[in-house]
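The structure presented is a predicted model; accordingly, all values stated were derived computationally and were not measured. Both counts, for ligands and for their atoms, begin at 1 and track the order of listing. Values reported hereafter were calculated over all heavy atoms of this structure, with side chains retained and with hydrogens, waters and symmetry mates removed.
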Amino acid sequence: MQFHILTLFPEMVENGLQTSILGRAIQKGLIGIHAVNIRDYTQDKHNKVDDYPYGGGAGMLMQAQPVYDAWKAVAKPAEGKKPVRVLFMSPQGKTFSQEMARELAQEEELIFLCGHYEGIDERVIEEIVTDPVSIGDYVLTGGELPAMVMIDAISRMVPGVLKNEDSGVTESFQENLLEYPQYTRPEVWEGKKVPDILLSGDHARIDKWRLEKSEERTKARRPDLYEKYDLPGRALEYLLKDKMLHMD
Ligand SMILES: NC(=O)c1ccc(NCc2cccc(O)c2)nc1
């Protein structure tokens with residue numbers, strides 16, 4: 001998987017992604033990080049990348065030409081291959097999710113466009129962007145952190161990046177449930193004991209306890225997820241309550 005990142009701050013992205021899991025994956029050649037400095041594609045001697053928005057309004061916008069030429073430098077799709085998808089990090093994008101990470105991990109290459117200031121001239125977004133993406137409903141200084149968040153999540157879905165493949169999948173958000181509480185040594189810390197069930201070695205009962213804890217935690221913290229998860233249970237409850245189903 002080759003990640004191209006079009007940005008005004010290439011060092012921020014390159015340094016930010018070298019650590020831990022991703023560092024090893026880069027060394028193993030499973031993923032590649034190629035940061036492109038948009039400023040290198042300016043045509044004026046002051047390397048100008050932004051200007052005032054037409055129609056007025058606060059802040060500055062990134063101009064189209066340097067972004068477009070930086071994109072042209074990396075977007076050469078190989079003969080007969082479909083064009084490389086361009087993800088534009090923006091609060092106006094589709095909300096990123098584990099599902100989207102899994103789907104994007106199937107690609108061979110991805111291009112991330114990181115905007116700054118108040119955004120980018122709409123004309124170049126229309127011209128090159130295939131997928132506007134948001135990592136959540138909040139505004140950041142630039143698209144670099146959202147791009148790094150997405151590259152981390154997508155890389156974990158690339159085969160071989162995580163040691164035991166399943167830890168990438170069983171992580172939270174498996175079938176719409178939050179992960180259960182986890183414990184490790186020592187058995188007692190500050191007078192607090194690890195739940196006995198986890199020391200029992202009875203894996204059937206441990207799995208049952210973990211599912212209960214996941215349901216409890218999801219119901220308490222993420223009713224939106226719990227709704228999707230417990231639909232069958234609630235439907236059955238509804239049917240039983242209204243005696244449409246006789247369980248005699
Ligand atoms: N929620 C996000 O994914 C996100 C993404 C980018 C960003 N800032 C740069 C930017 C880029 C474009 C328009 C714009 O208004 C701001 N802030 C938050």
Side-chain angles (χ1 to χ4, degrees), residues 1 3-17 19 22 31 33-42 47-75 83-105 107 109-158 171-173 178 221-222 224-225:
M1 165 64 85
F3 295 108
H4 304 280
I5 304 105
L6 310 183
T7 169
L8 291 173
F9 303 98
E11 70 289 342
M12 174 179 177
V13 175
E14 283 163 346
N15 301 343
L17 291 169
T19 53
L22 300 188
I31 59 176
I33 304 285
H34 174 221
V36 176
N37 192 337
I38 294 168
R39 204 173 286 278
D40 293 348
Y41 294 86
T42 52
N47 299 117
K48 183 178 179 50
V49 290
D50 64 316
D51 209 329
Y52 296 97
Y54 280 114
M60 305 287 271
L61 279 182
M62 285 173 71
Q63 293 175 287
Q65 174 272 317
V67 171
Y68 183 72
D69 289 347
W71 167 76
K72 268 198 303 190
V74 298
V84 180
R85 289 168 78 172
V86 178
L87 311 175
F88 173 47
M89 316 312 301
S90 148
Q92 290 83 38
K94 188 174 168 223
T95 304
F96 184 56
S97 65
Q98 191 65 42
E99 187 49 43
M100 195 190 287
R102 208 171 285 124
E103 185 239 332
L104 289 169
E107 301 287 343
E109 279 187 276
L110 288 171
I111 298 173
F112 288 81
L113 171 57
C114 304
H116 252 264
Y117 313 106
E118 295 317 303
I120 299 183
D121 185 309
E122 189 65 22
R123 288 168 293 183
V124 72
I125 295 172
E126 272 166 25
E127 190 67 24
I128 70 172
V129 171
T130 57
D131 304 79
V133 184
S134 167
I135 60 165
D137 294 332
Y138 36 82
V139 180
L140 303 167
T141 318
E144 283 78 12
L145 285 173
M148 290 158 64
V149 162
M150 283 186 62
I151 288 171
D152 187 305
I154 295 164
S155 299
R156 294 166 58 85
M157 295 287 108
V158 171
E171 282 294 305
S172 307
F173 299 100
L178 300 182
R221 297 182 188 175
R222 290 291 305 274
D224 60 308
L225 284 180

*Asks:* Using a 4.0 Å cut-off to any heavy atom of Gly115, which atoms of ligand 1 qualify?
*Replies:*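 Reading through ligand 1 atom by atom, the close ones are 9 (C).
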*Asks:* At what distance is the nearest protein heavy atom to atom 11 (C) of ligand 1, and which residue and atom is it?
*Replies:*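 So the nearest neighbour among protein heavy atoms is Met89 O, 3.6 Å.
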*Asks:* Judging by distance only, is a nitrogen or oxygen of Gln92 under 3.5 angstrom from one on ligand 1?
*Replies:* no
*Asks:* Checking the N or O distance criterion of under 3.5 Å, is ligand 1 in contact with Ile135?
*Replies:*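 Yes, there is a polar N/O contact under 3.5 Å.
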*Asks:* Under 4.0 Å, heavy-atom basis, I'd like to know which part of His116 is in contact with ligand 1: side chain, backbone, both or neither.
*Replies:*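 Near ligand 1, His116 shows nothing, with every heavy atom at 4.0 Å or more.
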*Asks:* Would you mind listing which atoms of ligand 1 come within a distance below 4.0 Å of any non-hydrogen atom of Gly119?
*Replies:*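 Once the distances to Gly119 are compared, the set is 12 (C), 13 (C).
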*Asks:* Distance-only criterion, 3.5 Å: show the donor-acceptor pairs between side-chain atoms of residues 55-74 and protein atoms not counting sequence neighbours.
*Replies:*
| residue | atom | partner | partner atom | Å |
| --- | --- | --- | --- | --- |
| Gln65 | NE2 | Tyr41 | O | 2.9 |
| Gln65 | NE2 | Asp69 | OD2 | 2.7 |

*Asks:* Is there a side-chain contact between Leu22 and Ile31 in this structure, where contact means two heavy atoms from C-beta onward sitting under 4.5 Å apart?
*Replies:*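 Yes, their side chains come closer than 4.5 Å.
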*Asks:* Report yes or no: do Gln92 and Ser90 form a side-chain donor-acceptor pair below 3.5 Å?
*Replies:* yes
*Asks:* Where the closest heavy atom to atom 4 (C) of ligand 1 is concerned, which of Gly143, Cys114, Pro91 has it?
*Replies:* Pro91
*Asks:* Within the 4.5 Å heavy-atom criterion, are Ile120 and Leu113 side-chain neighbours or not?
*Replies:* yes
*Asks:* Which of the atoms of ligand 1 are close to Gly136, meaning less than 4.0 Å from one of its heavy atoms?
*Replies:* 1 (N)
*Asks:* Would you mind listing which atoms of ligand 1 come within a distance below 4.0 Å of any non-hydrogen atom of Phe88?
*Replies:*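 Heavy-atom distances to Phe88 below 4.0 Å select 12 (C).
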*Asks:* Which pairs count as salt bridge (Lys or Arg N to Asp or Glu O under 4.0 Å) when at least one residue sits in residues 128-142, sequence neighbours excluded?
*Replies:*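 Output for this query lists Arg85-Asp131.
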*Asks:* Would you find a donor on one side and an acceptor on the other, under 3.5 Å apart, between the side chain of Lys48 and the backbone of Asp50?
*Replies:* yes
*Asks:* For atom 18 (C) of ligand 1, what's the nearest protein heavy atom and its distance?
*Replies:*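 Checked against all protein heavy atoms, atom 18 (C) of ligand 1 sits closest to Tyr138 O, 3.2 Å.
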*Asks:* Under a 4.0 Å threshold between the charged nitrogen and the carboxylate oxygen, would Glu99 count as salt-bridged to Arg102?
*Replies:* yes
*Asks:* Take the angle between the ring planes of Phe3 and Phe112 and call it parallel below 30°, perpendicular above 60°, tilted in between.
*Replies:*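 The rings of Phe3 and Phe112 sit tilted, inter-plane angle from 30° to 60°.
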*Asks:* Considering Ser134, Gly93, Gly142 one by one, which has a heavy atom nearer to atom 9 (C) of ligand 1 than any of the others?
*Replies:* Gly142
